[in-house]
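So the structure is just underneath, and the comments pick up after that.
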Amino acid sequence: MKTKTQQGFFSIGVYRHKTDHNIGTLWRSAYILGASYIFTVCKKYKKQSSDVVKTWTRIPQFYYEDFDELMKNIPRDCRVVGVEMDDRAVELKDFEHPKRAIYLLGAEDNGLPPEVRDRCHFLVKLQGNSSMNVGVTGSIVMYDRISKIPTELPPDHRFG
Ligand SMILES: C[S@@+](CC[C@H](N)C(=O)[O-])C[C@H]1O[C@@H](n2cnc3c(N)ncnc32)[C@H](O)[C@@H]1O
């Protein structure tokens, strides 16, 4: 059995999101699938009923003014994984997740801007010719991670 340190950790967040409802859905998945923290960049998150587990009460939620601030505050030896439909991106099914990873998703309308994509350590994409909902995409990425790197999940809760 691997210890938590050997498994590493991950966080997930969204750059300049449009709809708090989508983000609430993402936070719910993040908590259930074992994220260590969540964050938004460029726009604060207002709590939503879609986050039925109230993730921000269980794991830290951070806000970064911009991408530079995110990069200045990444934990030691952690890799930023941009999740975006980009020609350079590796398909998720072939992706080897870094042990310590920060997954960054883009806005519902414009996605991750080119200058942000360029500065991510890795880019990953899901199969398909059209973009998916941001919360759904993030949930699939996290599920792929915990399928490849067994992760200690939070205790079972019954949510209302
Ligand atoms: C609705 S999409 C943005 C669509 C935007 N119109 C575009 O084409 O750039 C919102 C975010 O979900 C994620 N996403 C959606 N589908 C994806 C896919 N197939 N592969 C990787 N990321 C995806 C990305 O993070 C994206 O920035």
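Every number for a ligand or one of its atoms is a count from 1 in the order of the listing.
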| Looking at atom 12 (O) of ligand 1, what's its closest protein heavy atom, distance included? | Val134 CA, 3.7 Å
| task | Using a 4.0 Å heavy-atom cut-off, say whether Ala107 meets ligand 1 through its side chain, its backbone, both or neither. | result | backbone
| field | Single-linkage hydrophobic cluster Tyr63~Tyr37, side-chain heavy atoms < 4.5 angstrom | value | no
| Does Met132, backbone or side chain, put an N or O under 3.5 Å from an N or O of ligand 1? | yes
| Should you measure from each heavy atom of Lys125, which atoms of ligand 1 turn up under 4.0 Å away? | 20 (N), 21 (C)
| query | Does some side-chain heavy atom of Leu26 sit less than 4.5 Å from a side-chain heavy atom of Thr137? | reply | no
| query | Pick from Thr57, Asp51, Val53: which one makes a side chain to side chain contact (heavy atoms under 4.5 Å, CB included) with Tyr31? | reply | Val53
| Do NZ/NE/NH1/NH2 and the carboxylate oxygens of Lys72 and Asp66 come within less than 4.0 Å? | no
| note | In terms of its nearest heavy atom to atom 13 (C) of ligand 1, the top option of Thr137, Asn110, Leu92 is Thr137
| note | Under 4.0 Å from one or more heavy atoms of Ser131, ligand 1 contributes atoms 1 (C), 2 (S), 4 (C), 15 (C), 16 (N)
| field | Non-hydrogen side-chain atoms of Ser11 and Ile59 separated by less than 4.5 Å | value | no
| request: Among all protein heavy atoms, pick out the one at the shortest distance from atom 20 (N) of ligand 1; state its residue, atom name and that distance to 0.1 Å. | output: Leu126 N, 3.0 Å
| query | Closest non-hydrogen protein atom to atom 18 (C) of ligand 1, residue and atom name please, with distance? | reply | Met85 CG, 3.3 Å
| task | Return yes or no for this condition: an N or O of Gly106 is under 3.5 Å from an N or O of ligand 1. | result | yes
| message | If we count only non-hydrogen protein atoms and require a distance under 4.0 Å, does atom 8 (O) of ligand 1 qualify as touching the protein? | response | no
| remark: Leu112 heavy atoms within 4.0 Å reach ligand 1 at atoms 27 (O)
| query | With a 4.0 Å cut-off on heavy atoms, does Gly138 reach ligand 1? | reply | no
| query | Would a hydrophobic clustering, with Ile, Leu, Val, Met, Phe, Trp and Tyr connected at side-chain separations under 4.5 Å, put Val41 with Trp27? | reply | no
| Met85 to Arg117 - nearest heavy-atom pair and separation | O-NH1, 3.6 Å
| request: Write out the residue and atom name of the closest protein heavy atom to atom 24 (C) of ligand 1, then the distance separating them to 0.1 Å. | output: Val83 O, 3.2 Å
| message | Below 3.5 Å, N or O to N or O, backbone or side chain included: is there any such pair between Gly128 and ligand 1? | response | no
| request: State the atoms of ligand 1, each with its element, that fall below the 4.0 Å cut-off from a heavy-atom position in Asp109. | output: 5 (C), 6 (N)
| request: Could you tell me how the ring of Phe95 sits relative to the ring of His97: parallel (under 30°), tilted (30 to 60°) or perpendicular (over 60°)? | output: perpendicular
| Hey, any chance Phe67 and Ile74 share a hydrophobic cluster, counting ILVMFWY side chains that come within less than 4.5 Å of each other, even indirectly? | yes
| Which of the atoms in ligand 1, numbered in the order shown and given with their element, are less than 4.0 Å from a heavy-atom of Leu105? | 25 (O)
| query | With side chains defined as the heavy atoms from C-beta onward, is the minimum distance between His121 and Ile102 less than 4.5 Å? | reply | no
| field | For ligand 1, the portion of Glu84 having any non-hydrogen atom under 4.0 Å away | value | both
| message | If hydrophobic clusters are built by linking Ile, Leu, Val, Met, Phe, Trp and Tyr wherever their side-chain heavy atoms come under 4.5 Å apart, do Ile32 and Tyr103 end up in the same one? | response | yes
